[in-house]
Amino acid sequence: MERLQKYMARSGVASRRKSEELIATGHVKVNGMTVTEMGYKVSGNDIVEVDGKIVEIKDLCYLAMNKPRGIISSANDEKDRKTVISILPKELRDCRLFPVGRLDYDTKGIILLTNDGEFMNALVGPKSNLEKEYVVRVEGIFKKEDAKKIALGVNIGDYVTRKCYCELLSVDKENNSSSVKVIIKEGKYHQVKRMFSSIGFPVKRLTRTRFGEITIEGIAEGEVRYLTPHEVKRLLVQAKEVKTKK
Ligand code: URA
């Protein structure tokens, strides 16, 4: 038995909070009866309906994709551009998968896909403490002092970023560009691009090389692999790890 809102979130209907709203506002029936009570528990034998549509618990699926540039990281796109779902192998396209967080259209690298709403919320919700590692190609000659600035936290307009890891990897004087590694635990909108721009280094190319312990190694661009049950567990544990102070 599990709480109704958890059952709904797990089946991909909506996030747990949104499911609670749906329950409270009378959209949900269990075995034909409207349920508005939050602690209500259901099992696999119960028939749950949202606005008359039966909620089916499906097999949970967890994938890691190496997203190429030029792909939208949402389930669908109003301009009909390619998405992380539309480039999946045929047999996975109808599994109601969605991306765990976002990567910009022009960012490549690791992105997880799932049909487990609870998992997604735990990993990218405001309380998540998962590490995201990026390799950033910036315009200009980046110095160790600049890495220090990024590591200490920078003002990106509406927010001062938390302390993070930042390391200068290489400098290409001929092309006036540098390669930098950064590991952050937050996930604000365009965060990495804004962090580097804020200290005068526009981002030319961005690659996410790691999400938690999941790396792009062994996954060709545009391809996916299944996460193991152990990897899924580890991601949930790491997301819950206590935040270190600024
Ligand atoms: N930060 C960005 O600026 N873009 C991304 O795609 C991911 C992190």
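Being a predicted model, the structure only gives us computed values, none of them experimental. Start at 1 with the first residue, then count along the sequence. When a ligand or atom number is given, it counts from 1 through the structure's own listing order.
- The number of heavy-atom neighbours closer than 6.0 Å to CE of Met33, taken from other residues, nucleotides and ligands shown, is 12 or below.
- Near ligand 1, residues Leu103, Asp104, Thr107, Tyr134, His190, Gln191, Val192, Lys193, Leu206 come within 4.0 angstrom through at least one heavy atom.
- Close placement of the Phe142 and Phe201 rings is indicated, their centers lying within 6.0 Å of each other.
- In terms of modelled atom types and a separation under 3.5 Å, the side chain of Lys132 and the main chain of Lys185 share a donor-acceptor contact.
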Practice item. Please lay out, stage by stage, how Lys143 and Asp146 fare under the test salt bridge (charged side-chain N to carboxylate O under 4.0 Å, His left out). Key: CA-CA 5 Å; Lys143 302 206 171 66; Asp146 299 310; 5.6 Å; no

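- Listed by chain and number, the residues in a salt bridge (Lys or Arg N to Asp or Glu O under 4.0 Å) with Arg81 are Asp77 (sequence neighbours excluded).
- For Gln238 and Glu213, the side-chain atoms include at least one donor-acceptor pair closer than 3.5 Å.
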